[in-house]
Each structure stands twice: as structure tokens, then as C-alpha cells.
Amino acid sequence: MTNIADTDINAQVIRPTYDRASLKSRIVHLGFGAFHRAHQALFTNEMLEKTGSDWGICEINLFGGEDLITRLREQDHLYTVAEKGANATIVKMIGSVTKSLHPSLDGQQAVLDKMAEEQVAIVSMTITEKGYCADPATGRLDKNNELIKSDLANPRMPNSAIGYIVEALRIRRELNRQPFTVMSCDNVQENGHVARAAVLDFANLVDQELAGWIEENVTFPCTMVDRIVPAATTETLAEIAQLVGVEDPCGIACEPFRQWVIEDNFVNGRPEWDIAGAEFVSDVVPFEEMKLRMLNGSHSFLAYLGYLGGYTHISDTMTNESYRKAAFDMMMKAQAPTLTMPEGTNLESYAKLLIERFTNPSLKHQTWQIAMDGSQKIPQRMGGSLRHHLEHGTNYKWLAMGIAGWMTYISGVDEKAQPIDVRDPMAEQFKVIYQQHGINTSAVKAILGLEAVFGTDLINNEGLVNEITKAYQLIITKGARAAVAAL
Ligand code: NAI
Ligand code: CS2
């Protein structure tokens, strides 16, 4: 079968001109998902184009995506990214990836051996929020997580990302090799600190001396990553095939906007990603918080209330004036006041740009996709701001509505009495609650009692319980569209 590596592709595709043969696996990336393909791999591609350095990437998918890795190998690890603006699309072929592994295809040992190779300087990750096996409310390793329990019983043959990192570092130490930097690129608040806590908590349970060595020798920079990259669909792949001239099963479409702010704290060297537009700073946390609360917080709000209101895509919600206004108010009135930003940051222009990005009609970003894994997302997207408002006695009605939207969504039944496919690591717990309460305001307190999501403080705040119950009542009686309009 012809593919992008062995056939002529359309001239408008921007191709790599650097020497791919000279690239080494100096970066091992865990999570060859949609996002990484259109973000870190693309930044690396553009950095290589300008520097001619040897920072190549080896891709690893720990869970699922075997087929994607197989297809990637068949096309010499080349793939395309379509940057879709409201009016025009630019297609880029990415050359920074030159190797790939999958434990189900190659075995766990091959993955560990790769991570332990001398030249590997960075292990980066886009493994979703749940991949850290951390308790979302505390950010520490969740020792009751099934993957962690089995990795602790058999640390030399791990399955979790955390288990792989610790074992690879153990091998490196044993072989007297330099450590690598662990760089999280997930939407997790203080992602580097969460990765560090999970790795050290795990290592301490396995081998305290190793934990001490990791603590002293390994760095875990925080990063703020931003680019809207919806999951590929048959339609986007067909569109890419047309633009490229041949099918590319690894191709991905995304928005033109991209941002990457990285804490400059690397233990074994790093690429000059700034040449490709990334920013190295000493403290990323304010930028991460801004993005998670303003972009992701309003995204989740739109995902739950949008899905319930019958909207398939985020851009569809933007056609409804009350959703548009509620999203902007959520950003400016509920989230912006909770942030402490470096001087010169203009949150209003940031919010306006976000609304414009959400409106992009070429981007088919499903509300259902963003609604996934809410138990992992709600604490960092809404929980922190909620506590801020409770402390300051300020208005948090948008947050209460967003949380009530999530609570209704996880009932698993939509406004037309159709089932919702709720994907979440805590889905079983939601089922138990709804079996007991039905879609009824009494479910609110039961859900607020989920400590992993809400900690132990929020359920005791009567004002908050009332506010969320009021919003929930409005959604279940009048529907999501009316509830959003009432804001
Ligand atoms: P995706 O579904 O395409 O890929 C998910 C990746 O995570 C896969 O490579 C899979 O192997 C891996 N994975 C899933 N569960 C795992 C686990 N328990 N342990 C280890 N690896 C696991 O999703 P996508 O779009 O690539 O997003 C991944 C993450 O990237 C998001 O959760 C988010 O944190 C971050 N991100 C995504 C953006 C987007 O617009 N898609 C933008 C900014 C950040
Ligand atoms: C989205 C994010 O899926 C989600 O939860 O909110 O993936 C969002 O698209 C990105 O963070 C944008 O950078």
C-alpha cells in the first residue's frame, strides 16, 4: 500500500528538509496521542528545521494505539498535521519522530531498554490526567490505584507510566548513566510537581535509596501546553488524505494557535524549542493556572452544559449567545479574579482570544470528548477557584453551574432520556450513586461526598451545597439551555 513515505505527495505540504538519518532518540515520549503529534513533535520538527541538531523522538504508547504505532512504522515515522484556521488550512509533514515502541508489540523490556539508553536525555509525557495515578484532590500517588498496586508487586515489569519511569531510572543508576529529565505535557495543575510526587512516592515504596538518588538527580519541569487538537475522525482523515494526496492514518488536524511555556530546569540538556516559538521561564505555575482555569475550566463548562443542551461540538455552543456570554463571564468573573499573574498579562484579551478559538467552525471538537474523565479535570479546572471565592465571599455561580452540569452529565442519561457514554475512571462510583438517588437533587450531596474530587471541606459548606443544588435543580427541570440562559 502506498503511503506518505514512498509516494509523491501534494506540493503544498510543507516537508522537513533536515537530515532525519542523523536524529537520535534523545527524547522518549510516552503517549503518542492526538495532542503530542500536533504539539511537542511539531515544535521539535520546527526546531530541527532551524538548528540541524540531533534531538529525535522515540514514541511509546503504553495503553492502546498499537495500530497507530504499526502504521507509523510503515510510513517511516512520517505523518502530517493539518492546521485548520477558520478560512485556510496549512499542512505540515513532521519528521522529528524516527523510532517507536509499544509494550504489546515489542515487550515491556524493550521499552525499559530504550528509556535506559545512554543518549536519552528527556522522557516527556502526554498520558492524560489519569496516567499519573495521583489522587486528584491531593496530587500524591494513589496507592489504591490498581495499576500502581500491581506495579508495586512487580516493579521490574511495570505497566504504569510512573512504574516505567522509576524502573528505567533504576537501570540507568545501576549502569552509571546520566539521569533523564521527566517532562509532563499534560493538563495537570503543576504537572511537573505532580509527576515528581508520583515518581518519588512510588520509588520510596520500592527502594528508598533509589528514591533519594532520583530526588537529587532528576528534574521535573512544569509546562503549560496549549493547542486544541480534537481526536481524529473519519472526516478529518479523509480531508487530510485529500490535502496530502495519499491517506495518512497517523495524520491529525488542529487549530493554528499553539503555545508552550516550559520551566527551564533540565538535568541532561534540552533542545532549543524557543527557536520554534516555545518560551523558557523560571516559573510556569501562574501560566498553567491561567490556562487550566480560563481555557479548560470554560471548556468543561461548555462540554457538560453543551452536551446536555444538545450541542455536539464546542463551536456549536458558540452559536448560542447565552453560552457564549456564560463562557466569557466564566473566564472573566469566575476564573480571572482568582489568578495572580506576572505584570503585563492581559486576561481580557486572553479571554477574547479563547472565545474566538472556541468559535473556529473548522474544528470539530466534540463536547463528549472534553466531557471525558471529569473526575480528574474538575478539581483543577474549578475546585481551586471555587475555594478562592468561598474564602473571599465573591460570586461563583458560573462554577456552581459548571459543577452541576457535570453532576447531571454523569447520571448517564441526557435530556431526551437517551443514554450518555460516560467515560471516567470513577464511572462505577457514579453509577452506584445514581442507582441510589436517581436524577434527583439528593444526588448532589452524595457526589460532593466524593473525596477524590472535592476533598473533605466543600461538602460542609452549606451555602455551596445550596448553590450547586439550585443549579442542578434548574438543569434537571428546565434543561441545560434554560439554565445557562438564566445565568
Ligand atoms: P489521546 O486520547 O489521543 O491520547 C491519549 C494518550 O495517552 C495515548 O497515547 C495513550 O496511550 C495514553 N494513555 C492513556 N491512558 C494512559 C495511562 N493510564 N497511562 C499511560 N498512558 C496513557 O488524547 P490527546 O488528545 O493526545 O490528549 C492527551 C493529553 O494531552 C490530555 O489528557 C491533556 O492532558 C493533554 N492535552 C491535550 C490537548 C488536546 O487538545 N488534545 C491540549 C493540551 C493538552
Ligand atoms: C480539553 C483540552 O479535552 C479537554 O479536556 O479541555 O484538551 C483542551 O483542548 C486543551 O487543553 C487545549 O490546549
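Atoms within a ligand are numbered from 1 in the order they appear, just like the ligands themselves. The first residue of the sequence shown is numbered 1, and numbering continues consecutively from there.
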**Complete:** Which of D316, N320, T367 passes side-chain hydrogen bond (donor to acceptor under 3.5 Å, both in side chains) with Y311? It is N320
**Message:** I need the single residue from D186, V188, I162, L62 that forms a side chain to side chain contact (heavy atoms under 4.5 Å, CB included) with I127. Which is it?
**Reply:** D186
**Item:** Donor-acceptor under 3.5 Å (Q108 side chain, P103 main chain)
**Value:** no
**Request:** For the pair W260 and W273, name the ring-plane relationship: parallel under 30°, tilted 30 to 60°, perpendicular over 60°.
**Result:** tilted
**Request:** Kindly indicate whether a cation-pi arrangement holds for R258 with F43, taking the cut-offs as under 6.0 Å to the six-membered ring centre and within 45° of the axis.
**Result:** yes
**Prompt:** Are the aromatic rings of H388 and Y396 close, with centres under 6.0 Å apart?
**Reply:** no
For each nitrogen or oxygen atom of ligand 1, which protein N/O atoms lie closer than 3.5 Å, and how far apart are they, rounded to 0.1 Å?
unit_1   : atom_1 : unit_2 : atom_2 : d
ligand 1 : 3 (O)  : A34    : N      : 2.9
ligand 1 : 7 (O)  : T126   : O      : 3.4
ligand 1 : 9 (O)  : F32    : N      : 3.3
ligand 1 : 9 (O)  : N61    : OD1    : 2.6
ligand 1 : 11 (O) : N61    : OD1    : 3.3
ligand 1 : 11 (O) : F63    : O      : 2.8
ligand 1 : 26 (O) : A34    : N      : 3.0
ligand 1 : 26 (O) : F35    : N      : 2.9
ligand 1 : 32 (O) : E129   : OE1    : 3.3
ligand 1 : 34 (O) : D186   : OD1    : 2.7
ligand 1 : 34 (O) : N187   : N      : 2.9
ligand 1 : 40 (O) : R227   : O      : 3.1
ligand 1 : 40 (O) : V229   : N      : 2.9
ligand 1 : 41 (N) : V229   : O      : 3.0

**Request:** Please check if the side chain of R381 supplies one atom and the backbone of G374 the other of a donor-acceptor pair under 3.5 Å.
**Result:** no
Tabulation required: pairs of a nitrogen or oxygen in ligand 2 and a protein nitrogen or oxygen under 3.5 Å; columns are atom names and distance to 0.1 Å; otherwise 'none'.
unit_1   : atom_1 : unit_2 : atom_2 : d
ligand 2 : 5 (O)  : K377   : NZ     : 2.9
ligand 2 : 5 (O)  : R381   : NH1    : 3.1
ligand 2 : 5 (O)  : R381   : NH2    : 2.9
ligand 2 : 6 (O)  : N296   : ND2    : 3.1
ligand 2 : 6 (O)  : H299   : ND1    : 2.8
ligand 2 : 6 (O)  : R381   : NH1    : 3.2
ligand 2 : 11 (O) : N187   : ND2    : 2.8
ligand 2 : 11 (O) : K291   : NZ     : 2.6
ligand 2 : 11 (O) : N296   : ND2    : 2.9
ligand 2 : 13 (O) : D226   : OD1    : 2.5
ligand 2 : 13 (O) : R227   : N      : 3.0
ligand 2 : 13 (O) : R227   : O      : 3.4
ligand 2 : 13 (O) : K291   : NZ     : 3.1

**Asked** Are the side chain of H102 and the backbone N or O of G64 linked by a donor-acceptor pair below 3.5 Å?
**Response** yes
**Request:** Validate the cation-pi geometry between R270 and F280: distance from NZ or CZ to the six-membered ring centre under 6.0 Å, angle to the ring axis within 45°.
**Result:** yes
